[in-house]
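What follows is a single structure, written as structure tokens, with notes after it.
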Amino acid sequence: MDATLAPAFALPGRLAAPSLGASLRGSVAPVLAAAEAPSSSGAGTFFSAAVAAAAGKVLSAARGRRTGGRRGAAAWRAAVVGVSPARNLVGTNTKETSNEPPKDKKISILGSTGSIGTQTLDICRQHPGLFQPVALAAGKNVKLLLEQIKEWKPSIVACDDSVLGELKAGVAALNFPGYAPQLLSGQEGQIAVATCGEAKTVVTGIVGCAGLIPTIEAIKAGKDIALANKETLIAGGPVIAPLLAQYGVSMLPVDSEHSAIFQCMQGVPEGGVKKIILTGSGGTFRDMSVEEMKAMDPEVLRQRSTTHPNWDMGAKITVDSSTMMNKGLEVIEAHWLYGIDYDNIEVVIHPQSIVHSAVECHDTAVLMQSGWPDMRLPILYALSHPARVPADLPNPRDGRNFDDWWNGEGKDGKLSFSKPDLEKYPCIALAYKAGRIGGTMPAILSAANERAVELLLSKQIDFLDIPGTLEAVMAKAEEEKKVIAAPTLDDIVEADKWARGAADVVVQQQKAAK
């Protein structure tokens, strides 16, 4: 290895300055009150960040404490101090132990023409008889959507409002005897796909907070969630967590890092995880200094920010990788998924993208999951869990089998790890700060970042403007008291809307000041 594991993984949990504050640390009484306060939106019971990943268990533990139960008090204390009380947000199929592959498992896909959607269909194609797409939701790419319809013949199809007529004409032109799918558009269509009666699992591949409402409706309909949409938990964690417990469904991560963590946790007893270690490649600028980035032509910097050295992804997530905001958002997501305190979630730069993340147990053992940088494996695992389905997944870039990596030719056979440069990647510290503040602040940060990336891609701001824009939006949110500690679903949606507008205001102010 180019670096020993111990120094690399000794990265302090508090990546930002102490002034960021562990604002989630409060007395037990307010946390308990928040945990049992009903949501005015009817979306479920709000659980504070301290009890995020153990919604059902911790609520029972809290009640146990109030009635003097020793076991309840112990579970409550474990949740408050950040020891993981569960491997996953409350689920059903996570309790299964059979290695029997699924048979004709019906799935819905939100974002079928995007990166996650097309790779999910690739998995379905490679494993006939295991998975069957029965409902597809896409955006404006009608050409590709029609190809998917022709191949899979889903019963429900949704698209963007602006292309519904084109979709209807295209389906009619296919002229399949007896085939008459339900064709819908907009959020109504997304919800119909998410709640399709045939489907057992919904793959949420829609980018951004647009996936939040359909995901909530899928949970209410009793669907297991294969989560590829970071923003669902980052913005909606306070609402999503209790719903999973209430409806008894699973949320299995598709994101490569969180899939890696989930895989590492198999076999680790409850409460056995001390720390989560999120690895990141460092993006396209990992080998450049801040000074070199500042000296580069802004247009070249913009273009380079949309390419990734290891992964093939969509434009938004690739830019997030370049700023490492994707890693910051994954920190918040990990907190919700696994109930680990922010002080015990670390970020490590791993340029090879072979180790996809790791967990450290209380006995100091570090468990890692490795493989090619290929989203098809986490997708397959989320759909087939707990079974390990035989698969042929060569390197998506050059077609090599992983056996070749051990030969050690060139960059192969090497693993290196280092601490992130927080001057180069200030978005990591912003995400820790938002997570510790909690409430609607993560939703505000996530939405402002989405808008900032949109402005970058449309050439309205430069790449290096993104962190300052996000920091200014967060400061504006606190100044204008937009951060709600115990948000309802309506509060989260409103925070998302406000943050996008605030990002536009901040950008205009910055331009005027230049």
Side-chain angles (χ1 to χ4, degrees), residues 102-208 210-229 232 247 249 252 254 314 375-376 379-380 382-384:
K103 294 180 181 178
D104 197 31
K105 184 176 184 179
K106 306 294 194 297
I107 65 171
S108 293
I109 303 175
L110 296 172
S112 69
T113 58
S115 176
I116 292 297
T118 54
Q119 291 180 88
T120 299
L121 291 173
D122 189 26
I123 289 295
C124 296
R125 202 173 289 117
Q126 290 184 28
H127 299 278
L130 268 61
F131 313 109
Q132 176 62 41
V134 294
L136 303 176
K140 298 180 180 180
N141 192 343
V142 174
K143 180 180 179 181
L144 179 55
L145 182 56
L146 286 170
E147 292 176 7
Q148 294 173 349
I149 293 170
K150 185 176 181 180
E151 181 176 7
W152 302 104
K153 297 182 177 61
S155 60
I156 304 175
V157 182
C159 63
D160 187 84
D161 287 325
S162 64
V163 294
L164 180 58
E166 183 182 353
L167 176 63
K168 289 181 176 180
V171 171
L174 292 176
N175 196 27
F176 288 146
Y179 177 60
Q182 186 178 7
L183 303 178
L184 301 165
S185 66
Q187 190 174 88
E188 176 192 8
Q190 293 173 355
I191 291 173
V193 168
T195 59
C196 175
E198 298 177 79
K200 174 174 174 54
T201 297
V202 179
V203 179
T204 61
I206 296 177
V207 176
L212 177 59
I213 301 300
T215 301
I216 287 175
E217 294 304 316
I219 293 170
K220 289 181 178 180
K223 311 299 181 184
D224 291 330
I225 306 298
L227 182 69
N229 174 293
T232 292
Y247 290 94
V249 300
L252 296 179
V254 168
M375 286 303 301
R376 292 175 298 174
I379 292 170
L380 175 61
L383 293 178
S384 63

Anything under 3.5 Å between a donor and an acceptor, one on a side chain of residues 169-187, the other on a protein residue two or more places apart or in another chain? List them.
{"residue": "Tyr179", "atom": "OH", "partner": "Pro154", "partner atom": "O", "Å": "2.6"}
{"residue": "Ser185", "atom": "OG", "partner": "Asp161", "partner atom": "OD1", "Å": "2.6"}

Heavy-atom pair of closest approach, residues Pro214 and Gln190: CG-OE1, 3.5 Å
Minimum heavy-atom distance between Val202 and Ala194, given as atom pair plus value: CG2-O, 3.3 Å
Is the shortest heavy-atom distance from the side chain of [X] to the side chain of [Y] under 4.5 Å?
| X | Y | answer |
| --- | --- | --- |
| Val254 | Met375 | yes |
| Ile123 | Leu130 | no |
| Glu198 | Ser155 | yes |

Steps toward side-chain contact (heavy atoms from CB on, under 4.5 Å) verdict (Asp224, Leu252): CA-CA 8 Å; Asp224 291 330; Leu252 296 179; over 6 Å; no
Return all side-chain donor-acceptor pairs below 3.5 angstrom for residues 134-149, not counting sequence neighbours, or 'none' if the list is empty.
{"residue": "Asn141", "atom": "OD1", "partner": "Leu144", "partner atom": "N", "Å": "3.1"}
{"residue": "Gln148", "atom": "OE1", "partner": "Ser112", "partner atom": "OG", "Å": "2.8"}
{"residue": "Gln148", "atom": "NE2", "partner": "Ser112", "partner atom": "O", "Å": "2.8"}

Side chain to side chain donor-acceptor pair (under 3.5 Å) partners for [X], two or more places apart:
| X | value |
| --- | --- |
| Ser162 | Asp160 |
| Thr120 | none |
| Thr113 | none |

First locate atom [atom1] of [X], then atom [atom2] of [Y], and finally report the distance between them rounded to the nearest 0.5 Å.
| X | Y | atom1 | atom2 | result |
| --- | --- | --- | --- | --- |
| Ile213 | Ile206 | CD1 | CD1 | 11.0 Å |
| His127 | Leu383 | NE2 | CG | 9.5 Å |
| Ile107 | Phe131 | CD1 | CZ | 7.5 Å |
| Lys106 | Gln132 | NZ | CD | 6.5 Å |

Among pairs that include at least one residue of [range], which meet salt bridge (charged side-chain N to carboxylate O under 4.0 Å, His left out), considering only residues two or more places apart or in two chains?
| range | result |
| --- | --- |
| residues 179-194 | none |
| residues 162-178 | none |
| residues 112-133 | Asp122-Arg125, Asp122-Arg376, Arg125-Glu151 |

Steps toward side-chain contact (heavy atoms from CB on, under 4.5 Å) verdict (Leu212, Thr232): CA-CA 5 Å; Leu212 177 59; Thr232 292; 4.3 Å; yes
side-chain contact (heavy atoms from CB on, under 4.5 Å) between Thr215 and Asn229, worked out: CA-CA 10 Å; Thr215 301; Asn229 174 293; 5.8 Å; no
Any donor-acceptor pair under 3.5 Å from Ser108 side chain to Val193 backbone: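 Here the side-chain-to-backbone pair exists.
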Test item: Lys105 side-chain N/O and Ser384 main-chain N/O as donor-acceptor pair under 3.5 Å: no
Chi angles and distances behind the side-chain contact (heavy atoms from CB on, under 4.5 Å) call for Lys220, Ile216: CA-CA 6 Å; Lys220 289 181 178 180; Ile216 287 175; 3.9 Å; yes
